[in-house]
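Report on one structure; see the data block that follows.
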Amino acid sequence: MKTIAVLTSGGDAPGMNAAIRAVVRTALDKKFTVMGIERGYSGLINGEVMPMERKTVADIIQRGGTVLKTARSEEFKTEKGRKKAVGVLKKFGIDGLVVIGGDGSFRGAQELSKMSIATIGIPGTIDNDLAYTDFTIGFDTAVNTVLDAINKLRDTSTSHERVSVVEVMGRNCGDIALYSGLAGGAENIILPEIGYDGDELCRSIIREKTKGKLHNLIVLAEGIGGAEALAEKIQKVTGIEARATKLGHIQRGGSPSCMDRILASKFGYRAVELLEEGKTSRVVGIRGGKIVDLDIDEALNMSKHFDNKLYNIANALA
Ligand code: F6P
């Protein structure tokens, strides 16, 4: 294997740049030629390929977003699109491809593997929704962004003695809500994995108010509903003022945390090692603090384990 390429795909995540840097610099140290593909699979189809040098990835470890840009490609979902992509890889003499992204991006890599392209996946998504790895790049930074918002909302909710409902991202995975809710001392954490009873929630808010609680902070995962509707219901049923805050894409930006930079560096390094070892169709991850790699089919077939213990702790401490 002589030439490898790297792309970022799907929703961006803080730490993707650190992963690109790790892939590029590790590969150059190992005497590979390295190419960067812009705009994910869409750019691959269009031949948006550029050479990467050590200095191309200078001064990016601290930056959010992705210098390679990212996209969600409908064309790549078609056989015709994927054939075009393989044609571009062949044209540029690319022998191995590192894909940094989430579930959808990995499914793309899986398809390319079936077409005899050597692929390695690096998990990059704020959602932390990939079952085979304890953490994905970007999750820690996103949780810290949410935590900062929760701290601020707590100040104003206490002053006004209000209920505050904060809606966070994560698609169908409640990890961002669970981790930020526990760390932020939220009174209630509402997750798609658990569900909730709206009437009981309102009764608990009244009970807590009667006991003298000055505010009630609710962290709501986007996968189970909208903050606006819930805040309206709470205000109507309890008579207590309630406000909704949807954090939105703020959660996707910002300088990556130390944890995300280190995770990205380890993942990038291991991805190139795997290609060097001739291993393909694999994804890298972290389990119990150790960097692991798994077959891409096996990884995508796993079901995400919900951390009940963490949820119970959050409830016990609320
Ligand atoms: O997958 C990352 C994510 O930020 C999800 O948490 C969210 O549901 C989605 O992407 C938003 O997508 P878009 O940026 O296309 O609006």
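Order of appearance sets the numbers: ligands from 1, and atoms from 1 within every ligand. Worth knowing before you read on, the calculation uses all heavy atoms, side chains too, and leaves out hydrogens, waters and symmetry mates.
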Salt bridge between Arg171 and Asp127, side-chain N to carboxylate O under 4.0 Å?
yes

Salt-bridge criterion met for Arg203 and Asp199 (N-O under 4.0 Å):
no

Does anything in residues 186-197 pair up under side-chain hydrogen bond (donor to acceptor under 3.5 Å, both in side chains), and if so which pairs, sequence neighbours excluded?
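Qualifying pairs: Glu187-Lys213, Asn188-Asn216.
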
Closest heavy-atom pair, Leu247 versus Val168, reported as atoms and distance to 0.1 Å, is CD1-CG1, 4.2 Å

For ligand 1, what are the residues with a heavy-atom contact below 4.0 Å?
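For ligand 1, the residues that come within the 4.0 Å heavy-atom cutoff are Arg72, Ile126, Asp127, Met169, Gly170, Arg171, Glu222, His249, Arg252.
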
Check the angle between the aromatic planes of Tyr179 and Phe135 and answer parallel, tilted or perpendicular using the 30° and 60° thresholds.
perpendicular

With side chains defined as the heavy atoms from C-beta onward, is the minimum distance between Asn46 and Tyr41 less than 4.5 Å?
no

